[in-house]
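As structure tokens, the structure follows; a few thoughts come after it.
In what follows, chains carry the letters A, B, and so on, assigned in the order in which the sequence lines appear, proteins first and then strands, with residues in each chain numbered from 1.
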Amino acid sequence: MSSPFWKPGTEKPRILEDEEGGVVFFSPSLASSSSGYGYASIEKQRQRLPVYKYRTSILYLVETHATTIIVGETGSGKTTQIPQYLKEAGWADGGRVIACTQPRRLAVQAVASRVAEEMGVKVGEEVGYTIRFEDLTNKGVTMIKFLTDGVLLREMMDDPLLTKYSVIMVDEAHERSISTDILLGLLKKIQRRRPELRLIISSATIEAKSMSAFFQARKSRHRMECEGLPKMEPAILSVEGRGFNVQIHYVEEPVSDYVQAVVSTVMLINDQEPPGDILVFLTGQDDIDAAVQLLTEEARTNRKNSSGLIILPLYSGLPRADQELVFSPTPRGKRKVVISTNIAETSLTLEGVVYVVDSGFSKQRFYNPISDIENLVVAPISKASARQRAGRAGRVRPGKCYRLYTEEYFVNEMPAEGIPEMQRSNLVSCVIQLKALGIDNILGFDWPAPPPPEAMIRAVEVLYSLGVIDDDAKLTSPTGFQVAEIPLDPMISKMILSSSELGCSEEIITIAAILSIQSIWVSSRGAQRELDEARLRFAAAEGDHVTFLNVYKGFLQSSKSSRWCHKNFINYQSMKKVVEIREQLRRIALRIGMVLKSCESDMQVLRKAVCAGFFANACRLEASSQSGLYKTIRGSQEIYIHPSSVLFRVNPKWIVYHSLVSTDRHYMRNVISIDPSWLLEAAPHFYQHQRLNPIVH
DNA sequence: GAGCACTGC
């Protein structure tokens, strides 16, 4: 286990082969020693990884089987080693490329730089990576390429058979993200056309069996088993991990209040267990803030041991600087307690954690295709998640995991796997992507996990109403193909296309970029009034979209200053991303033949363009309503303007919204006022005269 | 007058 760089008593080099592809921080000692030690010691390190003793088997299976499924636990080294084994065995000869996909950008970068280091090359040469906005590959030189699965899907639009790849390894397939699932479905289809292509599906769970069943080709007349071609029967291989043993503790009785249970469990660990940091999994910001506060008070009153506690929250909405606090090393004699959302389950890795407290819950997205509303719901996690969470305690030495649910519940009631994202999401983007790849029979597509037919039908309806697909459910030309080319939600893409005809594309692509990120405002529950005041400085009577334009203009006038952002409660990181996305949209717009033009101060055409994409989200203020109650034109859903909108309390008679937040009420986020006659202009087929007229007058 | 698990192109 010990690395040649690490002497007992010194800080252990931070992880070398992170299976989750979390944020990898190389310690300075490692960074400096890599040049001093040279190739041999890296080679020794590689040989110590559990996956090494399977090298020959893996190469044999890949050679003889079209699909190989690798079940590998954390720390097995599969992600960094298998692509190298393949390259060493000649799979990248003759200009072919070995691809390895990851669900997350950071993982792509981290793994690529590690593999480049092991091979003694620079990233972008023999080893490269591609993520959105960043392509560090060199055609004809790059042999191993890491990329997000979303990027590989985009590549299929230009090269549907992915002809340049000899082997494609889909990593972290157990996470079952929408793009991983689409990719798996498409790769299965490609295999029929390209029998020489090899797939490696790498997964952390035993779900391998269902994955294997999926890739099991039906005995078909077209594809006889013949010499020279690999077997269609998938091979399965397990590789053990290298984590330390984690002792599991369960509660004896179900807990009624898991925030309270978290507090007492942390205090118990602190009183009775030797030093080591604690990682707590809760569901969201509210719970986390509450737990942080309770723990801080508890630590203050119960002085015995708890003065050494450093209590930190962790969730993605946290400002960057606060997030980085959790990575700072724990001072001697102190104990760090990080209270986190699911972000610490897969997206980032904390070192030094010895104790995990698992509430057994997380927030999950659910989609109701009937109401067309997506909801965030606190729901029980799966056994797979519970194991992943527990594993976080065994990275540096043997650890303990305290589950705030009973063993009986874990064994008998907890579901083995989570519900794939595909089955609980709006599918509009997914369907258009498949259409663009020539998959016309969406309902008959061979999915790893078929989504509910209602959700697919709803997606097809939306695309039809946007004029993106025709009566035969085929992409329209040019609109459908253009919308598919733009990497955004189709409603936003449609808005962009219309802006070209209306003469306001410069403004609309700015709005599109802002709508496609989380939020441009800093999240500050503490300074709510100041944030509201800052927002009012940019407020436009037309609504939030025009307000965004004012912010963007201000940002440019400040020369993209971070100080200006800070002063105005605007998230600087978000604005940088907006500039980047806007630049990408601008390039795509030109490529698909749009006219880039500014409407200057004519906000009416701009609002029409928003209508052209979002007409389905039109609402009218209830005449008798004093409380700001709106109803959707289409479904008569009762909804309200979100208090964060600049049109909150202004309540214009007609608006369209960008998205809904559903709690006890449905709140519209980002709204703009419109004239109802524009709805008829934008979507005559959708708002027929007879239906709209009685409402208009 | 209230709330945003997490990714990705």
What nucleotide, of B/dG8, B/dA5, B/dC9, holds the atom closest to the side chain of A/Thr341? B/dA5
Side-chain donor/acceptor of A/Asp532 to base of B/dG1, under 3.5 Å: yes
Nearest-nucleotide comparison on DNA chain B, the residue closer to the 5′ end among A/Asn342 and A/Gln433: A/Asn342
Candidate nucleotides B/dG3, B/dC9, B/dA5, ranked by approach to the side chain of A/His642 - the nearest: B/dG3
Quick one: label A/Arg649 by what it contacts on the DNA or RNA (base, sugar-phosphate, nothing), any heavy atom closer than 4.0 Å. base
Please figure out whether A/Leu376 or A/Pro487 has its closest DNA chain B nucleotide nearer the 5' end. A/Leu376
Interatomic distance where OH belongs to A/Tyr315 and C1' belongs to B/dA5 [whole Å]: 13 Å
Atom CZ of A/Arg389 to atom P of B/dA5: distance rounded to whole Å? 13 Å
Quick one: list whatever passes side-chain contact (heavy atoms from CB on, under 4.5 Å) with A/Glu485, sequence neighbours left out. A/Ile588, A/Arg591, A/Ile592
Rounded to whole Å, how long is the line connecting atom CD of A/Gln518 with atom P of B/dT7? 8 Å
Starting from P on B/dC9, measure out to CG on A/Leu515 and report it in whole angstrom. 19 Å
Is the ring centre of A/Tyr572 less than 6.0 Å from the ring centre of A/His566? no
With A/Asn368 via side chain to side chain donor-acceptor pair (under 3.5 Å) - residues at least two apart: A/Ser371
Closest to the A/Tyr667 side chain: B/dC4, B/dT7, B/dA2? B/dA2
Are any of the side-chain nitrogens in A/Asp171 or A/Lys78 under 4.0 Å away from the carboxylate oxygens of its partner? yes
